[in-house]
K.L.:
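Okay, here's the structure, questions in a sec.
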Amino acid sequence: MSGSNDPGSTCSETTLTVNGKPHTLLVDHRRVLLDVLREDLELWGARKGCDHGQCGACTVLVDGRRVNSCLLLAVALDGSEVRTVEGLAGDGEDLHPLQQAFLDRDAFQCGYCTPGQLCSALGMLDEAAAGHPSRVTTDVPAGRPVPLDRDEIRERLSGNLCRCGAYPRIVDAVEDVIP
Amino acid sequence: MDATAPSTPGVPVERRENGESALGAPVERREGRQKVTGTARYAAEQPRPGRAHAWPVPASVARGRVTGIDTAAALALPGVLAVLSHENAPRLSEPDDAMLAVLRDSRVPHRGWFVALVVGETLEAARAGAAAVRVDYAVEDHDVTLTRDHPAAYAPEEANGGYPGTREHGDPEGAFASAPVRVDVGYSVPPLHNHPMEPHATTAEWQDGRLTVHTSTQGATTVRAVLAGLFGVPEDHVTVHAEHVGGGFGSKGTPRPDVVLAAMAARHTGRPVTLALPRRFLPAVVGHRAPTLHRLRLGARPDGRLVSLIHEVTTHTSRVKEFVEQAAVPTRVMYAAPDSRTAHRVTPLDVPTPSWMRAPGEAPGMYALESAMDELAGELGMDPVELRIVNEPDTEPDSGKPFSSRHLVECLREGARRFGWDRRDPRPGSRAEGPLLVGSGVAAAMYPVMAQPSTAAVRALSDGNFLVRINATDIGTGARTVLAQIAADRLAVPVDRVRIEVGSTDLPAASLAGGSSGTASWGWAVHEACARLAERLAGGPVPAEGLEVRADTAGQADADSPYARHAFGAHFAEVAVDTVTGETRVRRLLGVYAAGRILNSRTARSQFVGGMTMGLGMALTEGSTMDAAFGDFTESDLASYHVPAHADVPDIEAHWIDEDDPHLNPMGSKGIGEIGIVGTAAAIGNAVFHATGTRVRELPLTPDRVLGGIGRGAAPRGF
Ligand code: FES
Ligand code: FES
């Protein structure tokens, strides 16, 4: 693409694999991943609650790790794999079991925080399995899977605000899918 | 259920299995799948060819006039399409709500008031453009500080909701002075922000003189009327969609500046325009809960019976319009006291305009009253549950009207039983666990019953299904679901035979999702329409083209009632206070409600728990402050204004007592969206007192205040 990647250009060609599908875009250097997902790819599931890393509504998985997509400049993620709420259900799966658990538990009201809660919870489950510590667990040896009780779940999901106050139900739903 | 079930050729009408009513059942949210898959679209998520984005420029002074707007640098930026200000914005009619008088003149009534709007090809261009607009001001001195004795304070005629500003019975001062047991205390509640997770947003588009908006609102019918008036077009030239709304909590109850600005920008540029307000701009332009300073004087006999009850509230409003948080009003409903006075004073300041936030009036008012009742129980050496019970009135104290139903006592007793209240050692500071002090508290809750006229249509379809159409708004309450249940119940069909459309002015007009009145108002109209349809069908076949019936509840839903109608409840909390850090953690929170008939046990529970969660925030973490020097809310974003997070919220229990109240609406329901926040902060504050023996009379109960209280011993009276 002409003009891209030139010194002085304000846009760069960036390739992201989103929910398994590669996209090459000319991205404004000021554009964050959240706005690429929403405005360029029309994946609106990642929500914008604050645009400042304060609410978690924009949480998606980048290379398997949960991130606030409003805080990451998309151009810096060239080559990354992104998974959004739209890509949670596996092949042939209607819903991811966690999505089903959210439905079963009524773990939301307005639904605006929900995609972020879902992505965050999935990232969190992997972190706990990989032995990431938290304020709650002080006695698990490093690198060993951390058993998730309700306090652990609450602590580890505290970056995802829910003004509707669905927290107890969200914890129920997450507990439902803990292997 | 005596409705005649309609029959349809080829489709046998199944009566509900074993005669079960759809009402009350824990039916799953109809839009749940869209919400968990992320496919639900909110107001900003409306792509259109050529869509532009807008970014507002907030005033950076607290009071004055705009003397010049230099837009050259902004317009020179790539992608900036236009800069609107009072100098060039489309001229609109004068709004009834002065909060919507945006870009009309040079006046700056408070900091954060929008003085310009930049439209760009992209979000980034609009934002950069807004940063490049240079605004000059003639600055005037400002005053944003609310005090108990501000010289500009006056007694308003009315408080929010149309309640009289002042009510007095007998000789409250005299009765207080001669009461054997007296409590005279001050409480204060800071400004609070609604902060729904979806910021206020609108996508607007003009085509051939017709305006279409997707907006985040609690009531699209009013948005349409307001836009039509402002832009001088017939109402049928305006379409407003609000299919999914990411919460509102009052702040989207009426149109806010975003919808006016987006429509202006779309008209000015000839492009579809989305304006999603940046989070940190919200506190200044979408309303906030006004701070309230309370003085309570409770005089009682030694047996606990109140002889005098005086609740005086001082609050602020803006220079834009008068809004008076009706925080003394709940005291007119709660307890029997022969002599009483409930009064408001309001001071206009150079502050953003306050407005509705979940249970306006009741939430701060009941915090103060129920805290003072706890203090009175302490003075009397009486159990706080019993104190409330001995003051149970026979009729509504202020109006003298009989209650349509009132089961506060039952809520208190049932809550006490479930909570294990009888095992509580009443002595404050009696339970220590290492550095923690543990305590529990109780408070009553109350919320009035409201309903507004609405219209609805229901159509019997030839395939045996029914289609309900009503411009209700689902802000997260589950309106679609409960309205389908109401229709199914009245039509005596399984709920999956009812389809429903809500959230658009293409549908029959309906009232807003506010005042906990949505389900009652909309459900009433749906119920009426279904009743008429059932009558029309009268067991006969549905015509091939279907059959539609409409209902309008004007004159019915808004008819005066000879009854005082309110929901009641009781909140119980257990807290642990860290004597080293001053941190308070809620361990248990329990609510028991008497709110008429509960129409969907699943979504109702979520609303109760959500309300209690917001009450927990009000008690412990939420608080905003007006910076005296800059005239600005200091806590304007979610990093500084602390809404409860997962780790703050324990397992919360909500229960209810079934009420059979024939004086409400055809469903027998009371509103449930707000009562959960009412009294929760008092229950937690009372628990903190019980844990520590020290009374903190200013919310929120942050570690500094609690620790200061523990260190100080006896607290001052609060004013
Ligand atoms: S939108 Fe990214 S954290 Fe709030
Ligand atoms: S469901 Fe509304 S913010 Fe979480």
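In this text, all values refer to a predicted model and were calculated from it rather than measured experimentally. The figures that follow rest on heavy atoms only: side chains count, while hydrogens, waters and symmetry mates do not. Numbers restart at 1 for each chain; the letters A, B, ... are given by sequence-line order, proteins then strands.
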K.L.:
Report the distance from atom CG of B:Leu123 to atom CZ of A:Arg30, rounding to the nearest 0.5 Å.
P.N.:
10.0 Å
K.L.:
Identify which part of A:Leu95 has an atom lying under 4.5 Å from any heavy atom of chain B, answering side chain, backbone, both or neither.
P.N.:
side chain
K.L.:
Once rounded to the nearest 0.5 Å, what's the spacing between atom CG of B:Asp648 and atom OH of A:Tyr167?
P.N.:
7.5 Å
K.L.:
How long is the gap from OG1 on B:Thr37 to NE2 on A:His96, to the nearest 0.5 Å?
P.N.:
14.0 Å
K.L.:
For B:Phe608, is it the side chain, the backbone, both, or neither that has a heavy atom closer than 4.5 Å to a heavy atom of chain A?
P.N.:
neither
K.L.:
Which answer fits A:Arg38, side chain, backbone, both or neither, if we ask what part of it has an atom under 4.5 Å from a heavy atom of chain B?
P.N.:
side chain
K.L.:
Given a strict heavy-atom distance threshold of 4.5 Å, which part of B:Pro278 is in contact with chain A: side chain, backbone, both, or neither?
P.N.:
neither
K.L.:
Heavy-atom cut-off 4.5 Å, strictly under: side chain, backbone, both or neither for B:Pro650 against chain A?
P.N.:
backbone
K.L.:
Below 4.5 Å from any heavy atom of chain A, which atoms of B:Arg51 appear? Answer side chain, backbone, both or neither.
P.N.:
side chain
K.L.:
Report which part of B:Asp474 has an atom under 4.5 Å of a heavy atom belonging to chain A: side chain, backbone, both, or neither.
P.N.:
neither
K.L.:
Could you look at A:Arg156 and say if it's the side chain, the backbone, both or neither that has a heavy atom under 4.5 Å from chain B?
P.N.:
neither
K.L.:
May I ask you to decide if B:Ala647's main-chain N or O and A:Ser158's side chain share a donor-acceptor pair within less than 3.5 Å?
P.N.:
yes
K.L.:
Counting only heavy atoms closer than 4.5 Å, note whether B:Arg602 contacts chain A via side chain, backbone, both or neither.
P.N.:
both
K.L.:
Just how far is it from atom SG of A:Cys70 to atom CZ of B:Arg279, taken to the nearest 0.5 Å?
P.N.:
11.5 Å
K.L.:
How far does OG1 of B:Thr481 sit from CG of A:Asp106, to the nearest 0.5 angstrom?
P.N.:
8.5 Å
K.L.:
Which atoms of B:Val245 come close to chain A, meaning under 4.5 Å heavy atom to heavy atom: side chain ones, backbone ones, both, or neither?
P.N.:
backbone
K.L.:
At a heavy-atom separation under 4.5 Å, does A:Glu39 approach chain B through its side chain, its backbone, both, or neither?
P.N.:
side chain
K.L.:
Say whether, by atom type as modelled, one donor and one acceptor occur between the side chain of B:Lys35 and the main chain of A:Leu103 under 3.5 angstrom.
P.N.:
no
K.L.:
Can you tell me how far SG of A:Cys164 sits from CE of B:Met197, rounded to the nearest 0.5 angstrom?
P.N.:
9.0 Å
K.L.:
Check whether A:Arg163 reaches the backbone of B:Glu198 with its side chain - one donor and one acceptor, N or O, closer than 3.5 Å.
P.N.:
no
K.L.:
Counting only non-hydrogen atoms closer than 4.5 Å, does B:Glu653 touch chain A with its backbone (N, CA, C, O), its side chain (CB onward), both, or neither?
P.N.:
neither
K.L.:
Heavy-atom distances under 4.5 Å only: say whether B:Arg280 touches chain A with side chain, backbone, both or neither.
P.N.:
side chain
